[in-house]
Amino acid sequence: MGEADRPGEQPRTLMLVDGHGLAYRAFHALPDTLATSSGEPTNAVFGFTSMLLEVLRALKPDYAIVCFDSGRTFRHDVYAEYKAHRPEMADDLRHQMERIRQILEVLNVPIMVKEGYEADDLIGSLAAIARRRGLEVVIVTGDSDLLQLVDGGVRVVLPGRQRFGEFRVFDRQAVIERYGFAPERIPEFKALVGDTSDNIPGVPGIGEKTATKLIQAYPSLEAMVERLEEITPPRIREALRANAEQAFQSRELATIVADLDLDFDPEACRVGSYDRDRALALFRELEFRSLVPKLPEPIQRSAPATPRLQPSSQRMAVLTPADLARLLDDLAQAKAIALDVETTALHPMYADLVGIALATAPDRSYYIPLAHTTGDDQLPADRVREALAPHLRRADLAVFAHHGKYDALVLERAGFPRPRIAFDTMIAAYLLGETSIGLKELAFTKLGLEMQQIEELIGRGRKQITMDQTQIAQAMDYACADVEATYRLVDVLRPALAEQRQERLFHEIELPLIDVLIDMEEVGIAIDTDFLSELSTQLDGQIRQLEREIYRLSGHPFNINSTQQLARVLFDELHLPRGPRTKTGYSVSQEVLESLRDAHPIVNAILEYRQLLKLKSTYVDALPRQVHPQTGRVHTIFHQTVAATGRLSSSDPNLQNIPARSELGQQVRRAFIADNRPGYRPFDEPVVFLSADYSQIELRLMAHFSGDEALTRAFWEGKDIHAATAAEVFGVSLDAVTPEMRRIAKVVNFGIMYGMQAFGLARDTGMSRQDAQRFIEAYFSRFPGVSRYLEETRRRAAEQGYVESLFGRRRYVPDITSSNPNRRLAAERMAVNMPLQGTAADIMKLAMIQVHRAIAERGLRSRMLLQVHDELLFEAPESEVQELAALAVSLMEGVVELDVPLVVDAKVGQNWNDLEPIQVKLAR
DNA sequence: TCCAGCTC
DNA sequence: GAGCTGGA
């Protein structure tokens, strides 16, 4: 029987997907950075799949077909130029079309292609057939041309303008609201306006506004031509008269055929029956983790093919002394456990312990609730601490964790012994170059497990609760699944590290560093809040004054912080010359403003206003808010797995970008003080800051790696490297180097390490492009080793797909072979920079471990507070500072032996700004 | 989310 | 080249 409406039943819905249209739109709407970790581009596949699943979920169609274009279409016979302008499908997209076919195959969505026709025509015809059989139709496309098919029972879905994943549904009313006329008149609209992408000529001189008016005023194109005489203005009338034939032809081109005779068996297109396992495997291959939850429930299976949880695992909530005894028995036998803490906050210094999860085997786990507000049957924390402490201290018990630095610090703050992390799955994944290193992502990509998302437990947005408010049984399932996955991941990641020969990097640098970082995060640093609040008041006055000045000069008040409003004032009202554009308008960046300094007095005021406000909001006002209520100090988080080069990063607050250059910046730096505040002083004697920083470490590494003779010699001779560079390149003696020559040489030295081209050098020095180019050439002829090294690094990167630091840290640069020159050049810059920045990071990390260990071994009370890439900041009792300085300098300089000396400068002072060099008496 | 601006 | 944060 047919699909005609049956009494009392909702009409069924057919979803028709415009395969090319949607893929094409996704390809251009989504960034081409969307790719798998191996570099396969997936933006079109991802956008297509995301939209498909979203519509399936939201509109729940009963049937679905995806239509694709075939080769040559009848339109070529009508108009030879049709689509002649369209560029050949980009290779990146062509490849992705095959992936889309695979997606559709595993989702069991049928594909329709018909020789000589485009997807539009199939869709139009299928829609008509489906309507005749009483089905509702939903057309999913990226091409707004299809809006002409909208009718009573036909709706069109287009991707959202802002987010591709979201979609807009157009019914008849929505089309009328958007265009001002009915859907069926869209072909006439296109016939008048033309469409360059389809190479439809249209009527020259008629734009969207005029076309809309004409369509609203006349019932058809024929009527317009018949009643030509009444059309005004004459320009339009004549344009129409001269191009009437072309307009009719254009309309034909723009009209979607809806009368093909197609076989259509709805039952063959039923939504829902598909092989979930195969779909998951393909999603895994494409790294579409975020799309997994959007997969429809298969109707032919009662349970998902891949278990969400491991059904064979034994889990228990540890609630009674008997439970605890059982856990301890198990622990006593264990050689390794996976550990995870559940808490109330992301910042380890502000997180309260809510529960502890432990796995003693991949399929055996425990959850010990400690502070759930939902149950009163939890064991007392003291009892749990006493029970676990001996095990956490056991040298023969390996503790696995995912982001163990966090767990260890939280446990320590809760009174437990700090566990030593024997394997950290997050760090391992980071070293391996995995693109997603979250536990849930790794469980999916490495183990094929679909893990419960934290949001499923605690919700999201305004209704989000904290972990302590969850039910114990639910928290147990969540936390136990995490530790079991962690346990299993170790077995996958360990051999992978061996395979990449990164065991030493992992075991001798990254893992030992965890302990150092925990100490630094826990100790924190003191700031002078009184000083900052005074500074804030003072800045406030200056800012208000500048604000008044700016309003006066512009003639009216406006929001100076809004880049859009500011651009309007500068370029529209004051008519200052516009510079480069951003996506949303004209740039009002510092760089642009600097160039306009002389054009109008308001520019200077704005620059100064910006600087003051930036420093005030980012540092002066923000830092005091970050003082910990219990410790009275500021505790940053050091991230070990964020930077692509192996550097650390810092956040909450970021203490690695405290101002240093400007006068005001130095004021901010002065607020970081050695903690001699009454009531806070950590020891019974005054403390001071010791700062130890590597001098020119990356340039030294450049000398080492490149073996360049001139550069190496300059370092051995202890020369001012920028002056020495200037002398070489300008061909003068060292004494004859002017400050300007040195400045340029300095920019070049930095630029070379960043893979800078002549353009960047010209921009940063104020030279002309030609001069910059000549300068770079002169540099390379003076330092041929550097030139060879850069070339060799790029070549190797292209050959193996990654670059390495001295200690085997890797960075993958898949774009190094991209056909897009911008992306390829960017990849080349990353490739030449990483070995320098990455090796510097390795060296610093090793030094931190050694200095930290030496401090402990010598029983010193000095504490390492901060690492800022090439600088270590310590707080030391005055009586220790000499010893500490000698220790830090000698260990830092001696971390590795290179072909150039490593040099460390040490300085001492009461605050982070006013530091004086300290003469280091090297022991022995 | 983007832009701007602070660091090494 | 590498980061993080504030503001719209």
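Scope of the values below: all heavy atoms of this structure, side chains included, with no hydrogens, waters or symmetry mates.
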Legend entry - Residues touching DNA chain C, which here means a heavy atom under 4.0 Å, drawn from residues 561-568 of chain A: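 The answer is A:N561, A:S562.
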Legend entry - Residues in contact with DNA chain B, drawn from residues 603-613 of chain A - heavy-atom cutoff 4.0 Å: A:R610, A:Q611
Sugar-phosphate, base or nothing in reach of [X], heavy atoms under 4.0 Å:
X      : value
A:A644 : sugar-phosphate
A:Q590 : sugar-phosphate
A:V832 : nothing
A:A841 : nothing
A:R647 : base

If the condition is ring pair (Phe, Tyr, Trp, His ring centres under 6.0 Å), which residues does [X] pass it with, not counting sequence neighbours?
X      : answer
A:F531 : none
A:F783 : A:Y779
A:H600 : none

Inset, instruction - Ignoring hydrogens and angles, state whether a donor on the side chain of A:S695 or A:D905 is under 3.5 Å from an acceptor on the partner side chain. - result: no
Inset, instruction - Taking heavy atoms of chain A and a 4.0 Å limit, find me the 5'-most and 3'-most nucleotide of DNA chain C within that range. - result: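 Contact span on the strand: C:dG1 to C:dA8.
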Inset, instruction - State whether the distance check finds a donor on one side and an acceptor on the other, under 3.5 Å, for side chain A:R661 versus base B:dC6. - result: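 No.
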